[in-house]
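All remarks here apply to the structure that follows.
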Amino acid sequence: MTDTAMEAAELGKRFGRRGGWGLRHCTFRLPAGRVCAVVGPNGAGKSTLLALAAGLLAPTEGTLTVLGGEPASARARVAFVDQHKPLYPQLTVAETLRMGADLNPGRWDARTAERVVAGGDLDPGKRIRALSGGLRTRVALALALAKRPELLLLDEPMADLDPLARHELMGSLMAQAAEHGTTIVMSSHVVAELEDSCDHLLLVGGGRVRLAGEIDDLLAAHTRVSAPAGTSLAPHTVVTSRTTGRQLSAVLRPAGPLPGDWRAGAPTLEELVLSYLRNPEAPAPTELQETTA
Amino acid sequence: MTALTLPSPAPASRRTRWLLRLHRPALCTWAALVLVLGAALLWLWGPLTDAAAQAWRQYNACGLTARCSYDQAAILRYKDLYQYTTLAVLAVPFLTAAWAGGGLTGRELETGTARLAWTQSVSPVRWLATALTVPAVLVTAGTTLLVWLHRLVWTAGEGRIDTADRWYDILTFYANGPLTVALALAGLVVGALAGLLLRRALAALFTGAVALAALWAAVGTVLPHLWPSVTRVTALGGDGPAGAGITVDEGLVTAGGAHVARPLCGIGAHPSCAEAYARLDAVGYYRDYHPRAHYWPLQLTATGLLAAVTVLLTVAAFWLLRRRTATAAVRRRGTA
Amino acid sequence: MVAYRIDRHSGVATYVQIVQQTKQAIRLNLLRPGDKLPTAREVVEATAINPNTVLKAYRELEREGLVEARRGLGTFVRRSLGAAPADSPLRGELDAWAVRARAAGLEREDVAALFSAVLEQHFAHHAGERAQHEQHEQHEQRDRRDQRDRRDQGGAS
């Protein structure tokens with residue numbers, strides 16, 4: 001087994017022959033066993049990246065390796081939950097799960113499927129078309145988890161769920177990761193939703209990977225500072241800075257010790273993500289990506 | 001450890017079972033259509049043909065007597081039902097095309113359920129293979145049965161019912177032979193391809209049906225040229241060119257032996273026509289046509305041609321799907 | 001058995017919360033030597049936090065000698081903590097003090113503020129800060145160890 005779950009090199013996907021690039025110059029590595037948050041604004045390329053990893057789209061340029069091979073040959077070991085949770089509306093819940101069992105021979109874990117579905121008080125005889133969005137999400141997640149994938153790709157998995165179901169299903173996902181060492185990659189445009197559950201970050205913006213690495217490392221490499229307005233921030237790498245009245249506040253990557261008169265603190269994950277999204281020109285910390293690789 | 005269990009794709013039987021389950025309404029509709037249409041054709045073949053033939057015998061026995069008693073209703077019933085069933089048999093390819101575009105591929109791509117299938121250890125190529133093979137078998141079986149029954153009906157009526165369609169009447173020509181089966185299969189592939197291209201159920205439904213109509217028109221245009229026609233030359237006068245069958249070309253034969261178009265002048269005996277013919281130095285009529293003996297050669301070559309087009313369209317559908325989705329290919333060495 | 005409650009808005013790192021709550025449970029004799037800590041799977045299923053966070057907390061406890069991981073079995077409490085079990089004289093004194101504070105008209109918040117001020121004064125050293133400091137030294141070894149630990153924990157559940 002490889003210790004890399006996903007690796008992209010100069011990955012790009014263009015839609016249509018003359019269409020726009022959904023994703024471009026995308027290079028990162030995700031070690032196996034991580035729970036990775038793919039965050040970024042809507043339309044940033046998160047769904048494209050996940051669909052490429054699931055083998056649902058072919059890349060236009062560059063390469064993407066999944067579980068040590070092509071996405072297409074990893075199909076049986078990868079599970080994917082689409083943003084829109086597509087399911088066959090004419091099937092019942094029980095039939096949907098039977099289909100999962102039939103089409104994933106040798107991997108299916110019926111107990112997991114039943115447990116995830118049972119948590120939602122779902123009548124197995126009910127047709128999918130009669131289910132609410134939240135219950136459909138539950139069935140889609142049951143299909144994905146019961147496949148016992150080595151890599152679980154989830155596109156906006158929690159969007160339709162109430163807080164209670166969100167907590168419960170996130171717990172199920174984490175349990176799967178703890179028990180089987182499953183690598184989980186989940187996208188969201190709400191960073192707070194993923195903060196406690198993820199240990200790896202992939203920040204996508206404008207079709208590029210803006211930031212990639214272990215969340216702890218990324219947080220440790222950045223500092224949030226307040227200083228008097230007009231202070232020069234050199235030689236530190238500034239991610240964003242803003243002057244309000246007489247105060248300058250910034251998020252930066254220190255190049256050395258900071259002056260003692262600056263007030264410095266660790267940024268939260270959300271602050272870090274926002275600071276990169278606010279400044280599209282902020283350089284990605286390349287040396288960080290290399291050390292985690 | 002789960003990582004060590006070798007992933008194996010779901011066997012074809014399971015994929016087939018789920019395809020049939022997902023399209024159960026379509027399957028039931030198809031079965032009902034074949035049953036009802038088959039029953040109608042059998043009814044037509046037996047009782048209705050007998051009754052109509054009997055009525056025609058009565059009618060012909062009347063001769064020129066002023067009062068004639070015959071079962072006119074039986075004749076009309078036969079004629080109507082023959083027409084409806086023929087049209088119904090010919091509608092099958094359109095139904096197949098519309099369903100394949102709308103229900104089989106278009107809707108799956110529109111709602112994203114195709115993605116669901118492709119992430120259940122079923123590769124897109126396998127998915128499409130099942131989605132085409134299983135319906136192809138059912139469509140071939142059903143359409144072949146209907147065409148065979150239609151041919152049975154037509155044969156039973158030939159020579160017994162005075163107004164029965166000739167073998168070369170356009171609707172009967174198609175409904176009596178394997179060309180309709182080939183059209184139904186072409187419809188399946190055309191529809192599926194439209195669904196893959198458009199990724200919209202409703203748009204693919206109409207596009208599939210319209211594309212099949214275009215294909216049918218193209219086949220109809222080339223069909224008379226697929227087999228060498230025979231030429232029949234008749235003397236001037238009388239009813240014009242003669243020779244019953246599928247006409248390819250007709251006109252006048254000049255004294256020099258050249259074939260020229262016939263001027264628009266009504267029937268040949270008319271004085272103005274005679275004058276025009278004389279000016280052209282015409283000595284007779286000709287007609288290039290396919291006699292009855294050409295029925296099977298024409299049917300089979302056209303079926304073969306259509307089958308070849310269907311194969312090309314199938315290849316195009318797979319190519320499109322492979323290009324769009326990630327496929328485990330021989331490329332593997334290059335990306336490693 | 002101990003059930004962890006994670007407060008996302010406390011400002012205290014999640015793994016530190018687990019460390020603190022475990023120590024608290026040991027201190028109050030809710031966990032005694034030989035008792036088994038919940039597996040990572042059990043903790044993350046209930047709290048929806050990242051498994052590595054739990055493992056990090058357990059490693060911290062192990063490093064402090066409070067617990068030990070037994071391969072394939074789970075993590076067990078090794079020793080008790082603190083000189084002040086629930087029924088000690090110190091507790092009695094604090095109890096009496098609280099009664100007096102209340103009689104003097106102090107509100108719950110006043111008592112808490114007073115108590116933490118005294119706590120700050122006498123126990124400035126903080127487990128969380130120490131752990132934060134050492135996080136970087138451990139980092140290189142982490143990738144591999146996470147994988148291994150996670151399987152051990154999973155197997156024990």
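Just so we're on the same page: letters track the sequence lines, and every chain starts at 1.
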query = According to the side chain to side chain donor-acceptor pair (under 3.5 Å) rule, which pairs have a member within residues 99-114 of chain C, sequence neighbours left out?
reply = none
note = Output for pair (C:E45 CD, A:M170 CE), nearest 0.5 Å, gives 14.0 Å
ask   = In chain order, what residues pass the salt bridge (Lys or Arg N to Asp or Glu O under 4.0 Å) check against C:R32, with sequence neighbours excluded?
value = none
task = Sort C:T47 into side chain, backbone, both or neither according to what part of it lies under 4.5 angstrom from a heavy atom of chain A.
result = backbone
message = With a 6.0 Å cut-off (strictly less than), is the heavy-atom count around CG of A:D121, excluding the residue itself, greater than 12?
response = no
note = In terms of heavy-atom contacts, A:A175 and C:V44 come closest through N-CG2, 3.5 Å
query = Can you tell me how far the OG1 atom of C:T14 sits from the CG atom of A:D196, to the nearest 0.5 Å?
reply = 4.5 Å
key: Minimal non-hydrogen separation, A:A178 against C:A40, with atom names   = CB-C, 4.3 Å
task = Specify which of C:V54, C:T53, C:I49 makes the most heavy-atom pairs with chain A at under 4.5 Å.
result = C:I49
note = What one should report as the nearest heavy-atom pair of A:S197 and C:A48 is OG-O, 2.8 Å
key: Carboxylate-amine/guanidinium contact C:K56 A:D216, below 4.0 Å   = yes
request  = To the nearest 0.5 Å, tell me how far C:N50 CG sits from A:R34 CZ.
outcome  = 9.0 Å
key: Distance, nearest 0.5 Å, that separates CD of A:E214 from CG of C:N52   = 8.0 Å
key: Heavy-atom neighbours of C:R78 CZ exceed 12 at 6.0 Å   = no
query = Counting distance only, does the side-chain N/O of C:R8 pair as donor-acceptor with the main-chain N or O of A:A192 below 3.5 Å?
reply = yes
